[in-house]
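Both ligands and their constituent atoms are indexed starting at 1 by order of listing. Since the structure is predicted, the reported quantities are computational estimates derived from the model, not experimental observations.
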Amino acid sequence: MRNILPDGITRVLVTGGAGFIGSALVRRLLRDSTSSVFNLDKLGYASDLSSIEHELNVLGAEAENRHQLLRVDLCNAEATQLAVQQADPDLVMHLAAESHVDRSIDGPGAFLDSNITGTFNLLQAVRQHFEHLPAERQSGFRLHHISTDEVFGSLGVGGRFSEATPYDPRSPYSATKAASDHLVNAWHHTYGLPVVLTNCSNNYGPWQFPEKLIPVVILKALASEPIPLYGDGGNVRDWLYVDDHVDALLLAACRGVIGSSYCVGGHGERTNKTVVETICDLLDQLRPSGSPHQRLITKVGDRPGHDRRYAIDPTKITSDLGWSPRHSFEDGLASTVDWAFNHLDWFTQVRKRAGYGGERIGTKA
Ligand code: NAD
């Protein structure tokens, strides 16, 4: 069987493994490694295990035996410590976070709890675990903290974020992610915890929770509802297909230099307007509706404090670790739209369970 992990990594703890990126990572680990995967998640509104169940149906009993769900809220220090003890990991990949900027505008408290206190509790538990490991396991141990490019703030028309860019978070979400990055670095410098960080740009792909831009547009268009475009539509994001992010995460976790951070982005800069229009054009081909779906695009008031532009310079991870994205934005978007078109029942179920009907969030500033 294929094993993408180095020898010695036989137990991996993934936090947030029921979320969009975490579940893509868990699926990859179950498919392409032989390690046990401990999936720690509080199972919040954004969680969904059906993509993992789907993968396990294909992979069978051997993989099923290697996957263990630990339903734990990182805000509970004691439960977090017990979960880390139970997982007894060689590698921790920390993705659990409240992740939606719009929700952070309406309710910032949950972001401070999960992203700051939750990370603190995890660091304390992992530190205790690390300090009690035998020397041969300690030497290969790592905690990989997964973060966002949003910690760097907003760019003008030029320039790109790199590992040297100073932090300048502007939203409650990015401020709490920045705080978690600082905590992880502090636990490295102060307590000697071996850590690696990555800061990635906007992800998209199958199984993404239906409040994020790309699924919102697909679902609104297919329902012939107005497709909201924030502000003038000129805000730029650097889009990356989720499986390309997972490739980068595994490289950084296994081969990244301890104490280092890596910026991850796939040269996928597009304005929101271009993204929305491209999705409409793809849907015109999949489900012609007499008149173009672009007719539904409706400008709405901008997000409060909306960062204008994000763009990543991925030179370091490309040259040092050999990472490059396998999907162009056009190919990745086409396959995501096609996937969504064929999984409308999944979106209905997820929306119902989360009590989210497609309404706009993030206007309470
Ligand atoms: P997501 O919201 O889809 O999933 C996050 C998961 O974390 C959910 O299953 C949730 O239940 C879990 N979680 C949240 N708080 C928790 C807590 N206190 N205890 C236990 N579990 C908790 O998010 P995502 O899009 O998969 O993002 C994963 C990580 O990647 C986040 O840290 C995010 O900041 C980072 N990131 C995301 C993107 C993106 O475009 N989505 C880009 C760069 C970085």
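- Ligand-side atoms of ligand 1 in range of Asn202: 40 (O), range being under 4.0 angstrom from any heavy atom.
- By the 30° and 60° cut-offs, the orientation of the rings of Trp239 relative to Phe329 is tilted.
- Contact atoms of ligand 1 toward Asp73: 17 (C), 18 (N), 19 (N) (distance under 4.0 Å to a heavy atom of the residue).
- Taking every heavy atom of Ser201 and a limit of under 4.0 angstrom, the matching atoms of ligand 1 come to 42 (C), 43 (C).
- In summary, of the residues considered (Thr198, Asn202, Asn203), a side chain to side chain donor-acceptor pair (under 3.5 Å) with His245 occurs for Asn203 alone.
- Cation-pi check for Arg66 over Phe38 is not met; the charged atom does not lie both under 6.0 angstrom from the ring centroid and within 45 degrees of its normal.
- For the pair Arg303 and Tyr230, the cation-pi test (distance below 6.0 Å, angle within 45°) is failed.
- With a 4.0 Å cut-off on non-hydrogen atoms, Val72 touches ligand 1 through its backbone and not its side chain.
- Atoms of ligand 1 found under 4.0 Å from any heavy atom of Ser47 (numbered from 1 in listed order, with element): 8 (C), 9 (O), 10 (C), 11 (O).
- Distance from atom 38 (C) of ligand 1 to its nearest protein heavy atom, with residue and atom name: Ile21 CD1, 3.6 Å.
- Under a 4.0 Å N-O distance rule, the pair Asp90/Arg142 does not qualify as a salt bridge.
- Polar contact with ligand 1: present for Gly19 (N/O pair, distance under 3.5 Å).
- Of the N or O atoms in Ser99, one or more lie within a sub-3.5 Å distance of an N or O in ligand 1.
- Taking only nitrogen or oxygen atoms, main chain and side chain alike, Ala46 does not reach within less than 3.5 Å of ligand 1.
- By the 30° and 60° cut-offs, the orientation of the rings of Phe111 relative to Tyr173 is perpendicular.
- At the top of the distance list for atom 29 (C) of ligand 1, counting protein heavy atoms only, stands Leu95 O, 3.2 Å.
- With 3.5 Å as the limit, one finds no donor-acceptor pair spanning the side chains of Asn115 and Ser180.
- With sequence neighbours left out, the side chain to side chain donor-acceptor pair (under 3.5 Å) criterion links Glu64 to no other residue.
- The shortest contact between atom 10 (C) of ligand 1 and any protein heavy atom is with Asp41 OD1, 3.5 Å.
- The shortest contact between atom 19 (N) of ligand 1 and any protein heavy atom is with Leu74 N, 2.9 Å.
- Among all non-hydrogen protein atoms, the one lying nearest atom 40 (O) of ligand 1 is Asn203 N, 2.8 Å.
- Between atom OG of residue Ser147 and atom NE2 of residue His94 there is a gap of 9.5 Å, rounded to the nearest 0.5 Å.
- In this structure, Ala18 counts as a contact residue of ligand 1, since one of its heavy atoms falls inside 4.0 Å of the ligand.
- Among protein heavy atoms, the minimum distance from atom 43 (C) of ligand 1 is reached at Cys200 O, 3.3 Å.
- The shortest contact between atom 30 (O) of ligand 1 and any protein heavy atom is with Ile146 CG2, 3.5 Å.
- Taking the six-membered ring where the residue is Trp, Tyr45 and Phe209 present perpendicular rings, their angle passing 60° and hence far from 30°.
- Below 4.0 Å from some heavy atom of Ser114 lie the following atoms of ligand 1, by number and element: 15 (N), 16 (C), 17 (C), 18 (N).
- Residue Leu40 has no N or O atom closer than 3.5 Å to an N or O atom of ligand 1.
- The aromatic rings of Tyr241 and Tyr204 sit perpendicular, their planes meeting at an angle over 60°, well past the 30° parallel limit.
- Against a heavy-atom cut-off of under 4.0 Å, Ser147 is close to the following atoms of ligand 1: 43 (C), 44 (C).
- When non-hydrogen atoms are compared, ligand 1 lies under 4.0 Å from neither the backbone nor the side chain of Gln208.
- Residue contacts with ligand 1 leave out Gly17, since none of its heavy atoms falls under 4.0 Å from the ligand.
- Contacts with ligand 1 closer than 4.0 Å are made by side-chain heavy atoms of Tyr173 only, the backbone lying farther away.
- Rounding to the nearest 0.5 Å gives a distance of 10.5 Å between CG of Asn199 and CD1 of Ile146.
- With hydrogens left out, the protein atom closest to atom 21 (N) of ligand 1 is Lys42 N, 3.1 Å, a heavy atom.
- For ligand 1, the atoms lying closer than 4.0 Å to a non-hydrogen atom of Gly44 are 11 (O).
- Counted by atom type alone, Thr315 and Thr318 present zero donor-acceptor pairs between their side chains at under 3.5 Å.
- Using cut-offs of 30° and 60° on the angle between ring planes, the pair Phe347 and Trp339 is perpendicular.
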